[in-house]
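Please read the structure below before turning to the comments.
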Amino acid sequence: MWTEIERVIDANQKFVVTSHVNPDGDSIGSALALCEFLRARGKEAVVMTSDEAPMVYRWLDPGGDMISPATEEDHHHITSADAVFIVDVNGWERLGSIGEIIRDAAAVKAVIDHHPYREEITPITVVDTSACSTAELIYDLITSLGGPLSRRAADGLYTGILTDTGSFRFANTSPVAHRITSSLLDAGVEPATVYDLVYNQNSEARTRLMGKVLSGISFAGNGQVSWLTVTRDMIADAGTRPEDTSGFVDAAMTIAGVEIGIIFVEAPDNKVRISLRSRGNKDVNKVASNLGGGGHKNASGVVFQGSIEEAVIAVTGEAVKAL
Ligand SMILES: [Mn+2]
């Protein structure tokens with residue numbers, strides 16, 4: 001599986017490792033672990049992303065040398081690189097502003113991902129949708145090539161598996177994921193510390209906003225659809241930002257009997273950002289697709305043009321039909 005990737009590593013000296021827009025635990029953890037591995041092999045390597053990495057993942061980069069967000073002055077890393085590794089994504093448009101620079105660069109490109117195949121960026125592509133995370137694939141790469149697996153790389157890979165499996169709750173939590181996790185603990189990862197650093201970092205303001213949002217929860221379809229609404233005023237009054245609502249939708253899914261949970265977040269220009277979650281066979285990808293959005297069966301999103309009231313009517317109507 002790794003023959004071609006190994007050839008790319010052996011044949012080149014200067015590397016850029018990049019990933020998708022809106023970086024998450026898996027994209028950042030995987031990219032940093034791969035970068036660490038390349039450096040341990042005597043290569044020059046740097047991690048670069050179009051969008052800024054969330055604060056909760058900054059501890060994975062104690063040297064602060066991850067370039068995130070990348071500006072125009074950083075593009076020379078790409079134009080002068082021998083090879084670019086693209087991880088946790090396999091579509092050009094999901095690479096953001098640096099996608100075009102990478103496309104035009106002379107560097108060899110290689111993709112390592114676990115998302116369903118979208119388009120060919122390069123013939124050197126390893127996509128395995130059976131992997132719980134890209135971190136699982138990077139772990140396999142590092143160990144298949146004989147290491148080394150440093151403590152820092154292990155922290156990145158553990159963070160990737162932790163976040164992409166929803167803290168070992170989602171259906172992708174496989175025996176392989178647990179076996180790799182076991183090796184990562186052997187390499188020194190401290191699970192309680194990582195969990196605190198990633199998840200127990202809410203601000204007081206976000207927690208108060210969450211209280212307000214949760215107290216307004218509504219239901220349809222005999223209690224099988226629940227939804228939360230967040231107006232721009234609520235976000236501003238709490239002294240928070242729209243991204244502080246991330247994760248709120250999961251609270252809607254903790255209620256017994258709820259099959260589909262939805263959050264409506266009012267955005268500028270008469271738009272509403274909507275996230276949907278579902279259990280089992282309830283397909284919220286279909287709900288989102290019918291309204292011009294998309295995603296996976298159990299997690300999807302839509303940007304709705306209209307008021308929050310109009311969005312609630314349209315989306316909950318589709319959600320009830322999907323029960
Ligand atoms: Mn991932």
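We're numbering straight along the sequence, starting at 1.
Applying the ring pair (Phe, Tyr, Trp, His ring centres under 6.0 Å) criterion to Phe85, with sequence neighbours excluded, gives Phe15. Applying the ring pair (Phe, Tyr, Trp, His ring centres under 6.0 Å) test to Tyr195 and every residue at least two apart in sequence or in another chain returns Tyr199. For Arg7, the salt bridge (charged side-chain N to carboxylate O under 4.0 Å, His left out) test picks out no residue, with sequence neighbours left out. Checked against ring pair (Phe, Tyr, Trp, His ring centres under 6.0 Å), Tyr158 has no partners two or more places apart in sequence or in another chain. Among residues two or more places apart in sequence or in another chain, the side-chain contact (heavy atoms from CB on, under 4.5 Å) test is passed with Ala31 by Val17, Val47, Val87. Judged as a salt bridge (charged side-chain N to carboxylate O under 4.0 Å, His left out), and not counting sequence neighbours, the contacts of Glu93 are Arg118. Take Arg94 and apply the salt bridge (charged side-chain N to carboxylate O under 4.0 Å, His left out) test, not counting sequence neighbours, and it matches no residue. Contacts of Glu73 classified as salt bridge (charged side-chain N to carboxylate O under 4.0 Å, His left out), with partners at least two apart in sequence or in another chain: none.
For the atom pair CZ of Arg279 and CG of Asn298, the computed distance is 10.0 Å after rounding to the nearest 0.5 Å. Rounded to the nearest 0.5 angstrom, Ser97 OG and Glu72 CD are separated by 9.0 Å.
Nearest heavy-atom pair, Lys109 versus Ala105, reported as atom, atom and distance to 0.1 Å: NZ-O, 2.8 Å.
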Evaluate the side chain to side chain contact (heavy atoms under 4.5 Å, CB included) criterion for residues Gln13 and Glu44: first the C-alpha distance (whole Å), next the side-chain angles of each, then the deciding distance (0.1 Å), finally the verdict.
-> CA-CA 6 Å; Gln13 184 55 33; Glu44 285 170 59; 4.3 Å; yes
Give the C-alpha distance, both sets of side-chain angles, the deciding distance and a yes or no for salt bridge (charged side-chain N to carboxylate O under 4.0 Å, His left out) between Lys321 and Glu318.
-> CA-CA 5 Å; Lys321 279 191 231 162; Glu318 287 291 327; 3.3 Å; yes
Intermediate values then yes/no, salt bridge (charged side-chain N to carboxylate O under 4.0 Å, His left out), Glu266 and Arg232 | CA-CA 6 Å; Glu266 193 182 21; Arg232 295 176 73 194; 5.7 Å; no
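Enclosure of atom NZ in Lys286 is not indicated, since only 12 or fewer non-hydrogen atoms of other residues, nucleotides or ligands lie within 6.0 angstrom.
Cluster note: Leu228 groups with Leu209, Met210, Val213, Leu214, Ile217, Phe219, Val230, Met234, Ile235, Phe248, Val249, Met253, Ile255, Val258, Ile263, Val265 through ILVMFWY side-chain heavy atoms spaced under 4.5 Å, whether in direct contact or through intervening members. Grouping Ile, Leu, Val, Met, Phe, Trp and Tyr by side-chain contacts under 4.5 Å, direct or through others, puts Val302 with Val225, Trp227, Ile260, Ile262, Phe264, Val272, Ile274, Leu276, Val284, Val287, Leu291, Phe304, Ile308, Val312, Val315, Val320, Leu323.
Following chains of ILVMFWY side-chain contacts shorter than 4.5 Å, one cannot reach Val46 starting from Leu32, and the two form parts of different hydrophobic clusters.
Applying the side-chain hydrogen bond (donor to acceptor under 3.5 Å, both in side chains) test to every pair with at least one member in residues 242-261, sequence neighbours left out, gives these pairs: Arg241-Glu243.
Only one option out of Val84, Ile101, Ile102, Ile67 pairs with Met48 in a side chain to side chain contact (heavy atoms under 4.5 Å, CB included); it is Ile67. The only option from Thr129, Asp164, Asn90 that meets the side chain to side chain donor-acceptor pair (under 3.5 Å) definition with His114 turns out to be Asp164. Results of the side chain to side chain contact (heavy atoms under 4.5 Å, CB included) test with Ser19 over Ile112, Asp88, Asp24 single out Asp88 as the only residue that passes.
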Side-chain donor-acceptor pairs of residues 175-184 under 3.5 Å, sequence neighbours excluded:
unit_1	atom_1	unit_2	atom_2	d
Thr181	OG1	Ala177	O	2.7
Ser183	OG	Tyr139	OH	3.1
Ser183	OG	Arg179	O	3.2

